[in-house]
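Report on the structure given below.
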Amino acid sequence: MQRLINRSPSRPLRIALSIIPFVLILLTYQISSGMRKAENEQDKLLPSFTEIASAIDRMALEPSKRSGEYLFWRDTQSSLSRLVKGVSIAAFIGLIVGLAAGAIPLIAAPLKPLITAVSLIPPLAILPVLFIVFGLGELSKIMLIVLGVSPFIVRDILQRTQELPREQLVKAQTLGGNSWQIILRVILPQILPRLIDAVRLSLGTAWLFLIAAEAIASTDGLGYRIFLVRRYMSMDIILPYVAWITLLAFATDWLLLQLSRFIYPWYHSEK
Amino acid sequence: MNNFIELTNISKHYGDKVVLERMTTQIAKGEFVTLVGASGCGKSTFLRLLLGTELASSGAITIEGELIEKEPSSERGIVFQKYSVFPHLNARQNVALGIEFERSVGLGRLFGAKRKDAIDIADAWLEAVGLSSSAELYPHELSGGMQQRLALAQALVKKPKILLLDEPFGALDPGIRKDMHELVLKLWQENQLTVFMVTHDLKEGFHLGSRLWVFDKRRNDPHAPNRFGSTITFDIPLNAQNATRNHQDLEAIKSEMHIVSTT
């Protein structure tokens with residue numbers, strides 16, 4: 001008998017095993033929902049799958065009676081646009097500041113303590129400040145994402161830059177490179193795939209801040225909708241929205257990984 | 001040209017720990033100096049002084065009468081045991097980088113005819129180290145030996161006055177190491193290089209060098225092991241024609257080193 005720590009499932013078995021928990025959750029949900037419905041047909045807490053399907057139908061496939069828009073798609077578009085803008089700005093700041101501080105000790109000296117201090121500010125605590133300064137429009141929501149995510153990216157990129165083998169920088173100097181050339185040709189191209197890594201890791205946080213900002217002050221967006229329909233206990237809308245956000249988060253992560261593998265094959269075969 | 005490189009009273013210490021002390025010697029152009037010694041004897045420290053990543057605590061190093069620059073520069077090429085090549089560039093780009101740095105100050109990148117020209121030079125060097133067929137491959141697709149060949153081509157494209165090798169073959173299999181020895185000797189002769197090579201393999205030092213330095217401590221205080229630093233205890237001119245003599249020297253040094261390290 002092989003030891004338990006040496007036994008690993010074959011590929012088909014592994015796939016089957018990975019699906020089982022999801023099936024179990026859905027099954028449990030359906031049974032609980034049925035039990036509650038049997039007691040009270042009006043129950044809103046655990047809507048049946050047909051109710052959820054008709055809610056999706058209402059939100060995504062029929063135009064809203066009030067505005068004539070497809071609310072689900074409009075919410076998705078607004079949220080994704082904010083997320084992409086916020087994360088892109090944060091990634092840009094993270095790359096420039098992190099790279100400069102990581103490569104040039106004279107820039108790191110004044111910036112490092114500042115970055116550490118800024119990263120300790122809870123972004124949600126200064127959300128009111130953002131609303132006061134930037135108004136209640138798009139800008140304050142994007143700024144919240146930027147503020148929430150960029151300190152992490154800056155610190156991560158700074159560290160990755162300093163982790164590049166010292167030998168490479170010495171070698172580049174013996175090839176006659178000046179500081180600018182070495183940053184441009186040796187450091188930057190090696191940091192870009194690491195920036196994608198950092199962005200992937202920060203996406204969860206970015207979603208958190210996006211939904212928080214939308215919940216507090218917005219007129220559309222996935223987070224806004226969830227918090228709006230909560231007032232009517234519309235679980236039939238909240239649940240598919242949550243599933244949709246999860247799917248979007250998963251898809252962005254997967255797409256970024258594929259992009260990174262496609263552009264930087266050398267980076268992925270190094271590990 | 002006997003005084004191509006001159007070392008005058010070089011010492012290096014970190015705080016109270018003396019690593020190297022009072023090294024004074026001259027090296028002629030075209031010499032192949034191999035540096036051997038027990039680990040921690042300061043041979044790698046000495047190489048870093050030559051490279052410019054560390055500065056001597058006292059004394060002076062000159063090349064052709066000029067003090068060496070205090071940071072790495074293109075007159076001193078280097079091949080490390082690892083991390084000598086850039087993983088994000090293919091073999092050809094790795095070699096061409098040195099030319100691009102030189103000819104494009106702003107971007108470090110050449111385009112059009114200039115790029116073609118740089119690629120031609122790079123390809124010639126790739127051929128010289130036997131990597132012609134691997135020009136498009138990235139370092140992770142190359143074996144350890146091929147990576148070191150690439151690192152050599154990359155360093156030589158700058159035509160450095162001295163070439164520094166820091167245990168370049170330490171991580172390679174014996175068979176591949178033998179091929180690399182032939183390559184290094186060929187490149188050394190064809191390009192009239194001045195080479196310094198650190199190795200922990202005494203035999204390799206004898207086989208490759210035209211001059212062999214053994215680093216060790218002249219004096220040792222058992223109560224204060226850091227008080228005295230290493231210096232060149234043996235400076236042996238090697239002659240390819242006189243292999244038996246070299247072999248006797250090898251045995252002599254082996255026993256000497258044993259005595260020195262046990263007292």
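All values derive from a computational prediction rather than experimental measurement.
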- Message: If you define the side chain from C-beta out and look only at heavy atoms, does anything of A:Thr174 sit under 4.5 Å from B:Leu164?
- Response: no

- Query: For the side chain of A:Lys171 and the backbone of B:Val85, is there at least one donor-acceptor N/O pair under 3.5 Å apart?
  - Reply: no

- Interface moiety of B:Glu141 toward chain A, non-hydrogen atoms closer than 4.5 Å: neither

- Message: To check you understand the geometry: which heavy-atom pair defines the closest contact between B:Ala155 and A:Leu175, and what is its length?
- Response: CA-CD2, 4.4 Å

- What part of B:Thr53 is in contact with chain A, defined as an atom under 4.5 angstrom from a non-hydrogen atom: side chain, backbone, both or neither? side chain

- Item | chain A contact residues among residues 116-139 of chain B, heavy-atom distance under 4.5 Å | B:Tyr138

- Look only at the side chain of B:Glu71 and the backbone of A:Val170, and say whether a donor-acceptor pair between them is shorter than 3.5 Å. no

- Sort B:Ile99 into side chain, backbone, both or neither according to what part of it lies under 4.5 angstrom from a heavy atom of chain A. neither

- Task: Kindly state each residue pair satisfying ring pair (Phe, Tyr, Trp, His ring centres under 6.0 Å) with at least one member in residues 87-108 of chain B, sequence neighbours excluded.
- Result: A:Trp266-B:His88

- Please round to the nearest 0.5 Å and tell me the distance separating atom OH of B:Tyr83 and atom CD of A:Gln168. 9.0 Å

- Query: Which atoms of B:Arg76 come close to chain A, meaning under 4.5 Å heavy atom to heavy atom: side chain ones, backbone ones, both, or neither?
  - Reply: backbone

- Query: Charged N to carboxylate O under 4.0 angstrom, B:Glu100 versus A:Arg185?
  - Reply: yes

- Task: Considering only heavy atoms and a distance below 4.5 Å, find which of B:Lys82, B:Arg109, B:Glu102 pairs most often with chain A.
- Result: B:Arg109

- Item | Smallest separation among heavy atoms of B:Pro87 and A:Gln190, with atom names | CG-OE1, 3.2 Å

- Comparing A:Leu169, A:Leu184, A:Ile182 against chain B, the one with the most heavy-atom pairs below 4.5 Å turns out to be A:Leu184

- Query: Rounded to the nearest 0.5 Å, how far does CD of A:Gln173 lie from OG of B:Ser73?
  - Reply: 9.5 Å

- Task: Check whether B:Leu97 gets within reach of chain A through its side chain, its backbone, both or neither, counting any heavy atom under 4.5 Å.
- Result: side chain

- Ranked by heavy-atom pairs below 4.5 Å to chain A, first place among B:Gly77, B:Gly106, B:Pro160 goes to B:Gly106

- Counting only heavy atoms closer than 4.5 Å, note whether B:Val105 contacts chain A via side chain, backbone, both or neither. both

